[in-house]
Asks: 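Below are the structure tokens for one structure; questions will follow.
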Amino acid sequence: MTKDDGNKAMHLSRAIQDLVEDGSHISIGGFTINRNPMAAVYELIRQKKRNLHLYAHSNGQGVDELVGAGVISKLEIAYGGSGRFAPTCIRFKKAVQEGSMAVEDYSNFQMTLRFLAGALGVPFLPTRSGMGSDILARWGFSKEVRSSDPKLPDKKAVVMDNPFGDWAETSKVVLVPAIRPDVTIIHAQKAATDGTVRIKGLTFADVEQAKAAEHVIVTCEELVEPDDLRDNADLNNLPPFCVDAVCHVPLGAYPTACYGYYDYDPKYLKAYAGFAREEDSFLGYLEKFVFGIDSHERFLALIDPEQLKNIEADPRTGYAPNLDRT
Amino acid sequence: MTKDDGNKAMHLSRAIQDLVEDGSHISIGGFTINRNPMAAVYELIRQKKRNLHLYAHSNGQGVDELVGAGVISKLEIAYGGSGRFAPTCIRFKKAVQEGSMAVEDYSNFQMTLRFLAGALGVPFLPTRSGMGSDILARWGFSKEVRSSDPKLPDKKAVVMDNPFGDWAETSKVVLVPAIRPDVTIIHAQKAATDGTVRIKGLTFADVEQAKAAEHVIVTCEELVEPDDLRDNADLNNLPPFCVDAVCHVPLGAYPTACYGYYDYDPKYLKAYAGFAREEDSFLGYLEKFVFGIDSHERFLALIDPEQLKNIEADPRTGYAPNLDRT
Amino acid sequence: MTYTSKEMMAVAAARLIQNDDIVFCGTGISMLAAMAAKHISAPHATIFFETGAIGSQLEEVPLAVGDPRVMYRTAMNGSLLDSFACMQNRHTGKHVIGILGAAQIDRFGNLNSTVIGDYDHPKVRFSGSGGAADVASFVPRSIIFMQQEKRKFVKKVDYLTSPGWLGGGRDREAAGLCQGGPWLVITNMAIMGFDDTSKEMYLKACFPGVTPDDVLANMGFAIDIERADVTPEPTLRELSILREQCDPQRLILG
Amino acid sequence: MTYTSKEMMAVAAARLIQNDDIVFCGTGISMLAAMAAKHISAPHATIFFETGAIGSQLEEVPLAVGDPRVMYRTAMNGSLLDSFACMQNRHTGKHVIGILGAAQIDRFGNLNSTVIGDYDHPKVRFSGSGGAADVASFVPRSIIFMQQEKRKFVKKVDYLTSPGWLGGGRDREAAGLCQGGPWLVITNMAIMGFDDTSKEMYLKACFPGVTPDDVLANMGFAIDIERADVTPEPTLRELSILREQCDPQRLILG
């Protein structure tokens with residue numbers, strides 16, 4: 001996959017083409033309205049990927065667009081919302097209510113631990129979260145579905161007595177199974193051609209999601225030489241050998257935020273919520289903003305340049321102060 | 001413990017006095033010849049603490065001096081060595097061979113997971129490490145010792161079948177119990193008066209060790225205002241609420257290294273190895289370098305200033321290039 | 001003095017926050033409550049978000065816990081793992097106050113934020129747990145913001161997303177959950193507590209101008225109203241902090 | 001050409017390292033081998049240490065894996081957790097070559113670095129596992145550096161610190177360990193491999209000037225010597241890299 005010189009830079013469309021197949025199990029980074037790998041989300045939709053199994057925690061906008069476009073057949077998730085713009089993600093809500101997509105519910109911490117288990121190479125991790133809840137009592141994927149898919153663990157979770165007595169004042173624990181995606185896609189502020197990744201601000205669960213996956217695609221605001229990220233390795237989040245493809249996509253998280261670079265676009269997100277409400281308007285939206293064009297660059301050309309200016313982050317705060325967010 | 005204004009700065013001798021009691025379970029940060037909290041180690045010896053239960057992974061110099069001074073009655077450890085200066089720590093070796101201290105052996109990863117379990121607030125974590133080894137077969141602390149001490153889990157480790165079938169190609173896992181120290185002591189390059197900690201370079205397992213403990217003492221090269229560490233929070237490793245005491249001790253890791261500030265002192269470590277070889281010379285060493293003085297500042301005054309100059313880190317490499325290490 | 005019920009709710013919660021508290025904030029009014037508390041009475045309280053932001057300074061109100069505004073001058077930028085671990089960890093967790101919301105609540109403070117109707121064929125789907133089930137599992141004290149409506153205060157939640165006192169009494173302990181649990185429910189009309197022994201909800205205080213009967217009329221189950229007093233009105237200072245320093249754009253206050 | 005057996009050992013190991021490999025280094029000669037490989041044949045190999053240093057550039061030879069020299073211009077400064085997770089993780093772990101040493105080894109490559117004598121009353125105590133038991137458990141290929149001595153090549157190790165092929169055959173799998181395990185043993189006299197099926201040690205190659213009988217005379221058990229050939233001498237280039245670029249102070253070469 002990698003060239004002999006270790007250069008992993010490639011066009012996003014090629015990375016998606018080469019690494020994601022119909023039926024792949026994927027996960028995407030980011031959180032609600034922040035650092036979703038939106039350019040990659042649009043590329044997945046544009047390439048008409050089908051029957052993907054998607055793992056997310058509280059990824060909002062990316063999940064909703066993938067679900068709305070019919071890319072996802074199974075979803076494991078903790079939270080489908082985009083803050084004030086869509087307290088419950090709209091196409092997600094419709095798909096679940098219509099039964100067009102199977103959903104397995106976990107909590108945010110449980111999903112995080114499941115990614116961490118994948119990253120650590122263990123089959124499960126224990127937590128004290130969720131005992132007594134329907135998250136444990138009710139399964140979204142039946143036993144039959146689980147046992148028929150070798151990429152799924154045969155149980156949603158297991159409650160077990162503490163084998164160390166009451167050590168750590170704990171009588172029981174919940175074991176949650178590892179997630180092992182075929183591909184994880186994240187968006188970072190900086191990446192080097194060798195695959196080194198530097199995220200600015202909160203990492204959410206991106207690092208665990210990436211390490212859990214067999215393949216990793218990173219889109220980035222700035223593509224730099226490996227030497228440039230060795231000046232302060234304390235700031236780096238993924239080593240080269242975790243990453244397969246590095247794709248230079250400025251504004252690649254738009255319309256979600258990218259700390260230190262740009263804010264989320266309240267106008268776009270509000271307009272999206274309008275489009276998403278009805279089937280027809282949503283299809284029109286996809287036609288115009290995804291299928292009608294062939295790259296993230298062209299997508300950005302559809303956005304009012306004035307608004308792209310408005311959401312530019314100021315260096316002091318990392319976001320766009322006094323942005324009109326009503 | 002903390003003053004009303006959230007200021008946690010205090011003298012190291014007071015922090016040790018207030019937070020460490022005879023019989024306390026403690027852990028110290030650092031790794032072999034790097035960033036051991038040596039000023040705190042000497043203070044523990046100077047205050048004649050006794051019957052401490054010590055948790056370490058590959059902490060070399062700090063462990064050896066504590067063991068040699070008779071501070072430790074029980075030790076859980078993965079590795080007792082100081083690199084080329086003492087492939088096996090000398091006083092540690094003697095104490096084990098003489099049976100004057102009980103030792104429980106784990107691997108480095110197992111110890112790390114045990115600290116992480118404590119940090120996460122779960123009774124154990126699973127790994128695939130050590131199956132078939134005597135690390136699992138042989139216990140250093142007997143069942144009786146374990147069941148008589150409420151601060152110890154009743155088992156060294158548990159091997160369990162994977163409750164998720166062969167998920168993650170794993171048939172069995174080893175569960176290792178959480179470590180929950182009363183106090184963890186680490187040395188950092190920078191700390192703020194509110195308890196924020198910034199470590200430069202490798203963190204080893206310091207972060208997990210700190211989070212696992214009920215109380216945390218941090219010694220630091222530079223004591224700064226909380227605002228100074230908010231310029232780039234991506235570089236910070238512990239939030240204020242994890243830390244009880246912040247003690248300003250320049251060269252607080254000496255004679256071990258502190259990345260970006262100073263190298264380890266090969267002369268001191270070699271001389272130490274000489275002193276440590278015999279009981280009498282070791283007692284003489286303690287008398288001169290620990291009991292004979294009352295602070296780390298005085299301790300440093302015993303060291304040849306020329307040599308302190310020699311070990312100063314250069315900004316490019318973070319260590320002292322071309323240092324005589326023969 | 002005029003003020004909205006949202007303002008009363010935010011102020012009522014802010015008053016509960018102390019300097020040593022670590023406040024877990026969700027989206028919306030809970031952020032305002034924490035922001036207000038930092039300005040009013042608890043400057044050293046720590047605001048933190050499940051996204052990993054610890055000690056956020058919040059110059060502007062975030063519209064989601066993933067809003068880049070939560071990252072401004074934090075003490076630490078961690079990860080989801082760090083923030084939930086901080087709650088599950090018993091040393092740090094014991095200082096955490098969780099602030100939650102939900103679509104349904106029952107008399108033991110069990111919350112539903114997942115579905116209305118049958119889980120397999122839901123009539124309405126909501127966002128799901130997010131970190132709510134985790135917070136509810138780990139945290140010794142949680143405050144729950146609710147709208148006072150019959151369809152929200154229900155005999156039995158359609159789906160138990162976040163464990164409260166479960167069936168009451170010592171049920172939480174039996175299930176393996178941490179001690180502590182739902183502490184207070186703050187609605188647009190009143191504040192409810194939970195009985196120390198039975199863990200059943202009771203009326204603790206009505207907002208000015210609201211009677212216990214008003215509250216009961218807007219719930220799907222009856223609760224003890226004998227212990228109720230009246231919540232003091234927001235002060236001028238409280239209101240001006242809320243309006244001028246916390247949410248001048250009235251993004252959350254409306 | 002004159003060279004020491006330590007130089008031959010380092011060169012023999014360096015030759016085995018490829019560009020895609022992630023090399024786990026312990027203290028001492030294994031660092032020199034990895035440093036030399038980066039200069040000789042595998043510039044893109046990743047040197048990493050259990051301390052969390054990934055992609056170290058090593059301008060000077062570290063004297064311990066905790067030496068600050070391992071932090072110089074790394075790709076990432078992680079933690080112990082990160083580095084062991086990278087080995088336990090099957091995606092990254094499959095690329096890792098572990099380099100280990102020990103006080104005792106048996107014919108199945110099981111290693112002892114803990115005690116000589118009875119564990120409860122040891123005659124000699126060593127450093128203990130460190131990360132060795134972890135590496136031995138996780139890594140598909142490990143190289144073991146040993147001194148060729150009767151007391152070190154023993155029928156049964158006094159304490160099994162790091163699992164090799166255990167009792168041979170499919171024993172590793174039965175114990176729950178990863179596939180793969182000890183790959184080669186490099187001593188001051190020879191290189192030993194392990195039989196594909198029985199997993200028993202055999203003589204793979206003698207160093208120049210050493211006979212199979214010399215090797216057998218310095219082991220506590222007999223091994224198959226029929227498959228042995230001779231290791232090529234270090235080249236001038238290999239030696240000059242080792243001496244001039246890797247360890248000019250001869251801190252490890254002696």
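Residue numbers begin at 1 in each chain, while the letters A, B, ... track the order of the sequences. Every heavy atom of this structure was used, including side-chain atoms; hydrogens, water molecules and symmetry mates were not. Just so it is clear, the model here is predicted, and its values are computed rather than measured.
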Asks: About how many Å separate CD1 of D:I54 and OG1 of A:T196, when rounded to the nearest 0.5 Å?
Replies: 10.0 Å
Asks: I'd like to check A:D227 versus D:R73 (side-chain heavy atoms, cut-off strictly below 4.5 Å). Are they in contact?
Replies: yes
Asks: Counting only heavy atoms not in D:R170, do more than 12 sit closer than 6.0 Å to its CZ atom?
Replies: no
Asks: Rounded at 0.5 Å granularity, tell me how far CG in D:D82 sits from SG in A:C242.
Replies: 9.5 Å
Asks: Quick check: do A:F241 and D:C86 have side-chain heavy atoms less than 4.5 Å from each other?
Replies: yes
Asks: Step through the shown structure and confirm whether more than 12 heavy atoms of other residues, nucleotides or ligands are within 6.0 Å of CG on D:D20.
Replies: no
Asks: Checking heavy atoms, do the side chain of A:N232, its backbone, both or neither come under 4.5 Å from chain D?
Replies: neither
Asks: Report the option among D:M71, D:R90, D:Q57 that has the most heavy-atom pairs separated by less than 4.5 Å from atoms of chain A.
Replies: D:Q57
Asks: Report which part of A:A192 has an atom under 4.5 Å of a heavy atom belonging to chain D: side chain, backbone, both, or neither.
Replies: neither
Asks: Quick one: CG on A:D234 to OG1 on D:T74, what's the gap to the nearest 0.5 Å?
Replies: 7.5 Å
Asks: Relative to chain D, which segment of A:L238 carries a heavy atom at a distance below 4.5 Å: side chain, backbone, both, or neither?
Replies: backbone
Asks: Just wondering, more than 12 heavy atoms not from A:K156 lying within 6.0 Å of its NZ?
Replies: yes
Asks: If you count the non-hydrogen atoms of other residues, nucleotides and ligands that lie under 6.0 Å from CD in A:E21, is the total more than 12?
Replies: no
Asks: Is D:N89 reaching over with its side chain to a backbone N or O of A:G121, donor-acceptor style, under 3.5 angstrom?
Replies: no
Asks: What's the spacing between A:K211 NZ and D:H91 NE2 if we round to 0.5 Å?
Replies: 13.0 Å
